[in-house]
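Before any comments, here is the structure.
Below, chain A is the first sequence line, B the second, and so on; all start at residue 1.
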Protein chains: 2
Amino acid sequence: MVRHSATQPGEELDSRKATILEAVVSEYVDTAQPVGSSSVAATADLDVSPATVRSEMVTLEREGYLAQPHTSAGRVPTDKGYRYFVDHLRAGTIGPVQQQQIREFFTNVRGEVQEVLEQTSNLLTRLTSYTSVVVGGGHTHATVLSVQLVNLDARHQLLVTVFSDGTVLKHNVRSTFAATHVDVAEASRQLNALLIGTSLDSRVQVPSRHDHVATLVREAVAELHAQAPTFDGEQVFIGGSSKVAESFDGVETVRQVLAILEQELLVVTLVEDILDQGLSVAIGSEHGYEPLASCALIVAPISVDGEPAGAVGLLGPTRMKYREAMAAARVVSEHLTRHLSGEDERD
Amino acid sequence: MVRHSATQPGEELDSRKATILEAVVSEYVDTAQPVGSSSVAATADLDVSPATVRSEMVTLEREGYLAQPHTSAGRVPTDKGYRYFVDHLRAGTIGPVQQQQIREFFTNVRGEVQEVLEQTSNLLTRLTSYTSVVVGGGHTHATVLSVQLVNLDARHQLLVTVFSDGTVLKHNVRSTFAATHVDVAEASRQLNALLIGTSLDSRVQVPSRHDHVATLVREAVAELHAQAPTFDGEQVFIGGSSKVAESFDGVETVRQVLAILEQELLVVTLVEDILDQGLSVAIGSEHGYEPLASCALIVAPISVDGEPAGAVGLLGPTRMKYREAMAAARVVSEHLTRHLSGEDERD
DNA sequence: ACTTGGCACTCGGTAGAATCGAGTGCCAAC
DNA sequence: GTTGGCACTCGATTCTACCGAGTGCCAAGT
């Protein structure tokens with residue numbers, strides 16, 4: 001995977017070139033039309049003629065910041081151009097209306113973590129009109145608060161485990177013999193003694209006896225720990241997939257992007273890759289994933305009690321409103337972090 | 001809401017008209033092009049000339065089964081045309097490969113109901129290339145097997161309830177006073193005595209005393225029952241939303257359909273409306289929901305132990321492959337019903 | 001009373017030509 | 001280094017002509 005100018009300093013543009021680049025990006029984001037020298041000269045308040053702008057543009061094009069769809073069309077930013085723009089973006093703020101919307105949301109939202117994350121995803125979409133991705137993950141460090149084995153019928157038991165972070169996991173256990181209620185109750189008691197305080201990734205000393213109860217206990221523990229790797233708790237919530245149809249024009253592109261969003265594992269990997277690189281935006285093919293070449297993905301990490309616990313993301317076309325979107329992602333991720341850490345329970 | 005020919009007998013077409021209609025539908029579904037008299041005459045093995053077919057077509061058009069996009073184009077089926085086609089479809093079968101695929105799926109699938117439903121949704125999409133909808137619902141009749149109140153901290157408890165159908169519900173309880181572990185344990189015991197065997201919609205006699213434990217119990221019961229209406233257990237799983245982009249050509253249509261799929265409540269209502277009407281397919285505007293006028297929705301009910309428990313559905317363009325899709329929905333719903341009723345546990 | 005071949009007619013789709021105009025690159029002058 | 005001027009490019013738009021699939025109608029055939 002390639003390193004980007006966000007991490008390597010990269011060249012700086014002189015002030016005028018920077019202004020021009022910024023003007024091009026801004027206008028292109030608005031209009032989706034190649035932008036010409038004259039409109040740049042008019043917009044940006046650098047008192048120069050279109051001709052001057054043109055000559056600067058050739059330079060910018062030669063250096064890879066701009067591109068021409070064809071001769072005699074205006075310029076369009078390249079991924080590198082967007083990258084420069086983003087890297088030199090003075091941190092945006094979000095409107096007071098949205099501020100209010102977010103604050104309201106977080107004071108009202110209730111319920112389980114999952115639901116909060118799902119709702120947050122919808123919030124982000126409403127705020128920005130882009131498809132949003134919320135990844136919640138990594139409960140592995142949570143410890144067991146309580147375990148209970150429940151008899152469904154003689155051969156089926158249900159193992160319900162409550163963790164310190166409020167997560168509840170359930171597992172089906174199938175006993176190889178007909179278990180009595182007494183067996184189950186005893187197994188349940190032993191499991192409690194065994195598991196409380198442990199976390200999913202810690203080893204547990206299971207009884208090696210061969211009686212019914214011990215077998216049940218072993219099966220239950222095995223079942224619980226079997227899921228540890230999958231569990232790692234990665235969950236994805238995607239909001240506003242219909243926005244994809246607004247953001248891209250080719251039906252084929254829309255199909256591709258949607259197909260990608262369906263592969264949740266892929267999305268998680270993608271988001272975490274970007275986080276690992278310390279980026280907050282991946283533009284075009286920066287993430288090295290070809291089918292998303294026409295997309296930009298903004299991410300902002302969330303954490304719970306200081307531990308990384310996922311991220312929120314926004315997926316849009318490369319020509320997206322970076323300032324607003326990044327601000328929204330940042331603010332929401334901060335609120336979410338606080339909320340999940342239990343800091344703003346003011347009701 | 002309108003009644004349809006599926007429930008009211010409606011007129012019958014004479015054999016030749018029926019053959020012609022069927023030919024038109026079949027070819028249009030394949031090609032998406034208006035179909036002309038000559039190709040019908042060639043395809044269907046009714047030994048008549050195109051001219052005859054044409055004169056029949058005018059009748060069919062007058063009666064509302066066919067339409068002409070414009071003079072001098074071929075004919076296209078109307079919703080009514082599709083309806084007739086579907087109502088007179090000899091029940092289709094599905095290919096042996098798919099049979100195999102389904103059988104394999106259901107012997108291998110494991111885990112919680114939710115996951116099974118979600119996976120089933122994906123299966124249906126893979127089988128048919130249409131967007132699939134799986135609605136699971138109505139656990140209200142399930143009874144409580146076990147309850148447990150767990151102390152998160154002095155003011156936060158977690159109520160975990162296990163139902164006879166294997167569902168596990170959790171609720172946050174906030175105590176208005178600092179609860180000790182002893183309080184919580186005692187409350188937990190009382191809750192068990194109180195709730196086991198009841199269902200979510202049954203009334204429960206809560207203790208009226210004013211001590212800590214009684215208060216906790218009351219709060220827990222209130223919290224649990226508060227969710228009964230929302231809970232009713234309606235869950236929706238949607239698979240293959242990217243197929244929407246394949247099924248419809250206008251980007252705007254794609255957007256609309258996606259936007260609808262995002263509103264889960266709407267989807268549930270829609271599916272249940274159709275089921276209530278005793279239909280297995282809603283074509284075009286039959287469901288009375290305008291934005292989906294260009295869609296057809298195939299549904300097949302699922303049940304658990306004889307009780308209705310949701311449905312599987314397939315969403316496609318009105319020109320969809322009804323035979324295959326209906327067969328797939330039917331077969332999968334049957335398998336799912338058997339699976340959820342615990343009948344095919346052959347591992 | 002149907003069925004059929006014949007035939008004029010319709011009208012969307014496609015191809016080509018003409019035109020427009022936004023925007024460029026270059027250059028000579030400032 | 002900047003600027004106005006200017007010829008040039010090339011996609012987009014419009015217009016026209018035309019093709020042909022498919023129709024509706026009719027008169028003749030069974």
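For the pair A:L66 CG and C:dT24 P, the computed distance is 11 Å after rounding to whole Å. Taking atom CD of B:E27 as the reference point, atom C1' of D:dG22 lies 13 Å away to the nearest angstrom. A:I20 places its CD1 atom 15 Å from the P atom of D:dG1, with the value rounded to the nearest Å. To the nearest angstrom, P of D:dG22 lies 14 Å from OH of B:Y28. Regarding B:E61, its CD atom lies at a distance of 11 Å from the C1' atom of D:dG24, rounded to whole Å. To the nearest angstrom, P of C:dG25 lies 9 Å from CE of A:M57. One interatomic measurement links the two molecules: CD of A:Q33 to P of C:dA22, which rounds to 13 Å at whole-angstrom precision. For the pair A:R54 CZ and C:dA22 C1', the interatomic distance rounds to 11 Å; values are reported in whole Å.
Among the nucleotides D:dT23, C:dG23, D:dG24, the one closest to any side-chain atom of B:S37 is D:dT23. Comparing atom distances between the B:H70 side chain and each of C:dC26, D:dG24, C:dC11 picks out C:dC11 as nearest. For B:A51, counting side-chain heavy atoms from C-beta on, the closest listed nucleotide (D:dG24, C:dG25, C:dT4) is C:dT4. Relative to the side chain of B:T71, the nucleotides D:dC25, D:dT2, C:dT10 differ in distance, and C:dT10 lies closest. Checked against C:dT24, D:dT2, C:dT10, the side chain of A:T52 finds its nearest nucleotide in D:dT2. When the nucleotides C:dT3, D:dG22, C:dC26 are ranked by their closest atom to the side chain of B:R16, C:dT3 comes out on top. Considering only the side chain of A:S49, D:dT3 comes nearest among C:dC11, D:dT3, C:dG25.
Between the side chain of A:S72 and the base of D:dT9 there is at least one donor-acceptor pair of N/O atoms closer than 3.5 Å.
Under a 3.5 Å cut-off, the side chain of A:S132 and the backbone N or O of A:L314 do not form any donor-acceptor pair. A donor-acceptor contact shorter than 3.5 Å links the side chain of A:S247 to the backbone of A:K243.
The distance from the OG1 atom of B:T78 to the CG atom of B:L66 is 6.5 Å, given to the nearest 0.5 Å.
The shortest distance between the side-chain N/O atoms of A:R75 and the OP1/OP2 oxygens of C:dG23 is not below 4.0 Å.
Other residues, nucleotides and ligands contribute only 12 or fewer heavy atoms inside 6.0 Å of the CG atom of A:D47.
Classification of the B:Y322-B:Y82 ring pair by plane angle, with boundaries at 30° and 60°, yields tilted.
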